[in-house]
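Step one of this worksheet: look at the structure below.
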Amino acid sequence: TSPFAWLRTRFYYLLIRLYFDQEFSIEEFTRGAKQAFSVVSKLLSQRKLDLLDELVSAEVLQVLKEKISLLPDNHRDALAADIDAIMYTTEGDVRIYYDDDGIKFVSILMRFWYLNGANLPDEVPGETRVFQIVFGDESTKEKRHLLTANYEFQREFTEGAKPDWTITRIEHPRLLE
C-alpha cells in the first residue's frame, strides 16, 4: 500500500479508538477477520449457506445463494481457506459512516492471500494467470494455487446496537463472479 493509504488507515483506527471503541485493536481485529474468513470460505465451499445467517448480511447472502449454485465444483473447492493456509492479510480501506438517523457504522475491507489445492486450470477466465506453487520433489509434488479474497466487515456503533461485526461484501476474484 502507499504511504498515504497506510497513514489514512492508521488515522481511522485512531478515530475508532477515540470515538467508538477505546479497546479497538487492529491486530485483534485482523485475527478475528482471518478466523471469520476461514470459517465463511469453508461454509461457502461446502454450500452450507444456512449457517452464514449471523456472519453475513442478508443482501450478500442472497447474492451468494445465486452464485454458489452456478459454480463448477473445482471453483467451489477453491473458495475454502484453512486458517493455516492464509499467507498474507492486509487492510484495504476503512470507512466511518453516519446516516441521516444518527446511526454510526465502521467498515473495514480486508484482503487475504491464501494457498488452495483445488484442481484449477493454469488459466482462468479473463486470461489472468493463477499463481501456482509446487511443494515436494518430482514424485510427491503437490500443486497449490495462491488465491485472493476481499471481505468487508461492518459494525454498527450506535448506542444499544449489538457489538458484532458482519460481513457486507465477499469477493473471490475469478472464482465467484
Side-chain angles (χ1 to χ4, degrees), residues 1-68 71 76 78-116 147-177:
T1 58
S2 73
F4 175 73
W6 183 87
L7 210 65
R8 185 173 57 100
T9 58
R10 296 307 178 256
F11 176 70
Y12 276 116
Y13 297 149
L14 177 64
L15 290 178
I16 292 168
R17 272 195 301 274
L18 289 175
Y19 295 106
F20 301 113
D21 181 0
Q22 286 90 22
E23 296 179 20
F24 178 81
S25 157
I26 189 55
E27 293 80 14
E28 185 178 324
F29 175 84
T30 300
R31 275 193 300 280
K34 285 171 74 171
Q35 202 170 28
F37 165 61
S38 179
V39 168
V40 169
S41 68
K42 287 176 188 176
L43 291 172
L44 287 174
S45 177
Q46 298 165 359
R47 294 184 182 171
K48 294 182 178 178
L49 303 179
D50 54 324
L51 299 176
L52 296 175
D53 283 339
E54 297 294 317
L55 301 171
V56 178
S57 72
E59 298 84 17
V60 170
L61 198 52
Q62 185 59 39
V63 171
L64 289 172
K65 286 178 181 177
E66 296 168 12
K67 289 183 176 184
I68 293 292
L71 279 183
R76 205 180 69 247
L79 296 175
D82 287 326
I83 198 156
D84 296 333
I86 299 171
M87 308 295 359
Y88 185 71
T89 304
T90 188
E91 315 91 46
D93 194 17
V94 180
R95 296 186 193 141
I96 298 173
Y97 300 97
Y98 291 89
D99 75 1
D100 295 337
D101 298 325
I103 299 174
K104 302 176 264 189
F105 292 97
V106 171
S107 173
I108 301 176
L109 177 67
M110 297 296 293
R111 294 192 172 114
F112 303 95
W113 284 263
Y114 64 102
L115 289 174
N116 183 286
L147 303 171
T148 63
N150 302 314
Y151 280 47
E152 184 177 62
F153 296 84
Q154 187 178 79
R155 179 178 167 193
E156 182 180 345
F157 280 95
T158 310
E159 191 173 326
K162 290 196 304 186
D164 298 332
W165 289 90
T166 303
I167 299 170
T168 55
R169 181 169 60 170
I170 293 178
E171 297 172 341
H172 284 262
R174 292 171 286 287
L175 293 175
L176 191 60
E177 294 181 341

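The chain is numbered in sequence order, starting from 1.
Between Phe29 atom CZ and Ile26 atom CD1 the span is 6.0 Å, to the nearest 0.5 Å. Here CZ of Arg95 is found 9.0 Å from OH of Tyr12. Values are rounded to the nearest 0.5 Å. Between Leu115 atom CG and Asp84 atom CG the span is 11.0 Å, to the nearest 0.5 Å. For the atom pair Leu55 CG and Leu43 CG, the distance stands at 7.5 Å (nearest 0.5 Å).
The shortest heavy-atom contact between Leu147 and Ala78 is CD1-O, 3.5 Å. Of all non-hydrogen atoms in Arg155 and Pro163, the two that sit nearest each other are NH2-CB, 3.3 Å. Contact record, Thr158 with Gly102: OG1-O, 4.2 Å, taken as the closest heavy-atom pair. Shown here for Ser38 and Ile83, the closest heavy-atom pair between the two residues is OG-N, 3.3 Å. Of all non-hydrogen atoms in Ile170 and Leu64, the two that sit nearest each other are CD1-CD1, 3.7 Å. Across all non-hydrogen atoms, the minimal contact from Gly92 to Arg111 is CA-NH1, 3.5 Å.
One finds a salt bridge joining Glu91 and Arg10 here, because a Lys/Arg side-chain nitrogen approaches an Asp/Glu carboxylate oxygen to under 4.0 Å. Salt bridge annotation for Lys48-Asp50: absent, with no cationic side-chain nitrogen under 4.0 angstrom from a carboxylate oxygen.
Residues satisfying the ring-ring contact (aromatic ring centres under 6.0 Å, His included) test with Phe157, not counting sequence neighbours, are Phe20. With sequence neighbours left out, Lys42 forms a salt bridge (Lys or Arg N to Asp or Glu O under 4.0 Å) with Asp82. Under the ring-ring contact (aromatic ring centres under 6.0 Å, His included) criterion, Tyr88 pairs with Trp113, not counting sequence neighbours. Among residues two or more places apart in sequence or in another chain, the side chain to side chain contact (heavy atoms under 4.5 Å, CB included) test is passed with Leu14 by Leu18.
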Q: Give the C-alpha distance, both sets of side-chain angles, the deciding distance and a yes or no for side-chain contact (heavy atoms from CB on, under 4.5 Å) between Phe105 and Ile96.
A: CA-CA 6 Å; Phe105 292 97; Ile96 298 173; over 6 Å; no
(Q) Please evaluate residues Leu44 and Leu52 with respect to the criterion side-chain contact (heavy atoms from CB on, under 4.5 Å), reporting the C-alpha separation (whole Å), side-chain torsions for both, the decisive distance (0.1 Å), and the verdict. (A) CA-CA 9 Å; Leu44 287 174; Leu52 296 175; 3.8 Å; yes
Q: Using the side-chain contact (heavy atoms from CB on, under 4.5 Å) rule, take Arg8 and Asp93 through it: C-alpha gap first, then chi angles, then the decisive distance, then the call.
A: CA-CA 9 Å; Arg8 185 173 57 100; Asp93 194 17; 3.2 Å; yes
Q.
Would Leu79 and Asn116 count as a side-chain contact (heavy atoms from CB on, under 4.5 Å) here? Give the steps.
A. CA-CA 8 Å; Leu79 296 175; Asn116 183 286; over 6 Å; no
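Counting heavy atoms from C-beta outward, Arg47 and Arg76 have side chains that approach closer than 4.5 Å. At a threshold of 4.5 Å between non-hydrogen side-chain atoms, the residues Ile108 and Trp165 count as touching. Residues Phe153 and Ser107 fail the side-chain proximity criterion, which asks for heavy atoms closer than 4.5 Å. Considering only heavy atoms from C-beta on, Thr148 stays 4.5 Å or farther from Glu171 through its side chain. No side-chain heavy atom of Met110 sits under 4.5 Å from any side-chain heavy atom of Thr90.
For residues 22-37, no pair satisfies salt bridge (charged side-chain N to carboxylate O under 4.0 Å, His left out), with sequence neighbours left out. Residues in residues 36-61 take part in these ring-ring contact (aromatic ring centres under 6.0 Å, His included) pairs, two or more places apart or across chains: Phe37-Phe112, Phe37-Tyr114, Phe37-Tyr151.
The backbone N or O of Val56 lies less than 3.5 Å from no partner atom in the side chain of Thr166, so there is not a single donor-acceptor pair. Side-chain atoms of Asp101 do not come within 3.5 Å of backbone N or O of Ile103 as any donor-acceptor pair.
For the residue pair Glu152 / Thr168, a side-chain donor-acceptor distance below 3.5 Å is found, with atom types taken as modelled.
Counting non-hydrogen atoms of neighbouring residues, nucleotides and ligands closer than 6.0 angstrom, the CZ atom of Phe11 reaches no more than 12 such neighbours. Environment of CD in Gln35: sparse, with no more than 12 heavy atoms of neighbouring residues, nucleotides or ligands closer than 6.0 Å.
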